[in-house]
Amino acid sequence: MKWPILQAFPSFSPRYLRPFLRLCAQQSALIIGKKLHALILTTGLSATQTSFLLNTLLHFYASCGDILSAQKLFVEIPHSCKDIADWTALMSSFSRQNRPHDALRLFAQMLENSIQIDDVPMVCLFSVCAWLRDVGVGSQGHGCVVKMGFEGKVKVSNAMMDMYGKCGMVREMRRVFDEMKEKNVVSWTVVLDGVLKWEGVRSGRLLFDEMPERNEVAWTIMVVGCVGSGFSKDGFLLLSEMVFHWGFKLNHITLCSLLSACAQSGDVVMGRWVHVYGLKLMGTEMDIMVGTATLDMYAKCGRVDTAVKVFECMPRRNVVSWNAMLSGLAMHGRGRVALDMFPRMIEEVKPDDLTFIAVLSACSHSGLIDQGSYYFDNLESLYGITPKIDHYACMVDLLGRAGRLEDAQTLINQMPIPPNEVVLGSLLGSCNSHGKLQLAERVLQKLTEMNPLNTEYHILLSNMYALAGKRQKANSLRKVLTTKGIRKVPGMSSIHVDGHVHQFSAGDKSHPRTQEIYLMLDDMVRRLRSAGYIPNPASQVFSGSDGIEDDAMDLEEKEQALFSHSEKLAVCFGLLSTKPGTPLYIFKNLRICQDCHAALKIVSKIYYREIVVRDRNRFHCFKQGSCSCCDFW
DNA sequence: CTAGGGTTAG
């Protein structure tokens, strides 16, 4: 056997092998490392010599993410040679591979085995708790830190603050921060992230200005925080200051986080800027991750055609890119296109379970029942994928939307896993669209057992009662909510104009241009009526989405309430603040209401405007009197 | 022959 690699070692001994294995670990060169491991076992090193290498090998496998091999070595290492670093290597490997519970179990075993814990596993513990949002275990960890006197270790405190921040315990986080004698950029950055998330952009900005030192991470977090809270203009100003004044270069991680923030908030203006920056930085050799984030941004900002273009221009694509593309098409109701692309996908990459969530939801949003059933039935046999609860949820959705509620129920009964909230919530939604009151009652019962705090389901059923003329039942159901003191999430619609996000709630009068908006609304309703639109007060009760208590209203009031739904207000503002003929892009946090859906179809026609609405479920593109969802939602 | 393990930005 000739191994060129052997010639690299003047003497085949741990002394030379160890640095080589470390290099493999650093570079994640799993194959080469494995060959070395094989050599070590076969080349006749003495048992003592080999045992000197076991820890290094463990570290190598742990850092390459080959947990199985790492675990095997962990068992093989004799007790006398196993120390804290070996435990920590394995634990951090679990945590990096998204197996937080295994990491926690290992930590518990360390305690059971009376291993003297030092600061490093503590950092790892907090990172796991942060990921799990488990402040219970996290604060126990805090206790350990105090007991063992690790508070002075900056990294430990940073990880601890991150844990508190991720869990929403801002006060705890700040307390730790204030008591730290020695802080570094990371400390400030962690706190900045938490404050932005839980106390808002204003407090975040104050903290940001106070920071003694800001690296590109801090800047990115600040910009993302602005964009995420609708402060688009401030975000953009900060981004240009970061790049042009301070000369920070954006790397692919920064680009991805910015793009994802733009996708979430619907900020296509900044999204485009970031896209262009990426193009200049990388040219046609666009990084796969950045390319994927870019197409995802365009899709989620309502520009699905641009998303397709970006996708087609990517020199290489992985399964994530394909999944993003397919689910983008699904959200836009382009189920047919998505299915046509699928054969091309399986030539390029191996589909995973997310792929089929995209495919099934594409079928569901486009009413392609047969195709959906086909893929679902063949998941295992053709693609080797065991259906998970989310796939069942898609199928229940698909059947339910199509009115096949019996089939949906049968499927739920056949599931090997008990149904979760998503599955039943989707079934309830279908009961609603198909007027199955009795089934809805049963489903609601189960849903309330699962999640007593969710108001949406009660409102849905209460609206169904109201629609069926059972006012008393409807009201008593609503009373249940009020006596429990639970308030529903208010419906909000927003629109980006000139770098600002304008947000509206139902009947909102807080906008500086309220007067003009309501004049426009009057005009709109008048023109809608003459175009044949009949307001549907039932859907005021029915939609429940924009939340106006409606017990005592007469018909006229109900109509008025209907007219001032948040999405209509946003459209009116859009009509009067953008150039004629330009499309309007509206974002709504809940599902679009049925009356608004009917109204916007006509608006798109009589105002010659394309109106794109992103609601919680999908996109609706209103154009010349019809909607891309084909009324199939 | 004795180092090796960890935090923030998808």
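This one's a predicted model, so the numbers in the text were calculated from it and none came from an experiment.
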Between atom CG in A:N55 and atom C1' in B:dA3, what is the gap in whole Å? 8 Å
Measure all distances between protein nitrogen or oxygen atoms and nitrogen or oxygen atoms of nucleotides 6-10 of chain B, and list the pairs falling under 3.5 Å.
residue : atom : partner : partner atom : Å
B:dG6   : OP1  : A:R96   : NH1          : 3.0
B:dG6   : O6   : A:K155  : NZ           : 3.0
B:dT7   : O2   : A:N158  : ND2          : 3.4
B:dA9   : OP1  : A:K166  : NZ           : 3.4

Could you check how far CG of A:D86 sits from C1' of B:dT2, rounded to whole Å? 12 Å
Quick one: the side chain of A:D118 and the base of B:dG5, do they pair up donor-acceptor inside 3.5 Å? yes
Counting the atoms with a prime plus P, OP1 and OP2 as sugar-phosphate, which does A:L90 contact under 4.0 Å by heavy atoms, base, sugar-phosphate, or nothing? nothing
Could you check whether A:R22 makes a cation-pi contact with A:F60, meaning its NZ or CZ is under 6.0 Å from the centre of the six-membered ring and within 45° of the ring axis? no
Under 3.5 Å, which donor-acceptor pairs link side chains of residues 128-137 of chain A to any protein atom two or more places apart or in another chain?
residue : atom : partner : partner atom : Å
A:R133  : NE   : A:A130  : O            : 3.0
A:D134  : OD1  : A:G136  : N            : 3.1
A:D134  : OD1  : A:V137  : N            : 3.0

A:L106 CG to B:dG5 C1', straight-line distance once rounded to whole Å: 12 Å
Pairs satisfying side-chain hydrogen bond (donor to acceptor under 3.5 Å, both in side chains), at least one member in residues 191-203 of chain A, at least two apart: A:R174-A:E199, A:D193-A:K197
Give the rounded distance in Å between these two atoms: NZ of A:K82 and C1' of B:dA3. 18 Å
Would you mind listing every side-chain hydrogen bond (donor to acceptor under 3.5 Å, both in side chains) that reaches into residues 224-237 of chain A, with sequence neighbours excluded? A:S232-A:D267
According to side-chain hydrogen bond (donor to acceptor under 3.5 Å, both in side chains), does anything in residues 115-125 of chain A pair up with another residue at least two apart or in another chain? List the pairs. none
Applying side chain to side chain donor-acceptor pair (under 3.5 Å), name anything that partners A:N251, two or more places apart in sequence or on another chain. A:T254
Hey, does the side chain of A:R22 come within less than 4.0 Å of B:dG4's phosphate (OP1/OP2), counting only N and O? yes
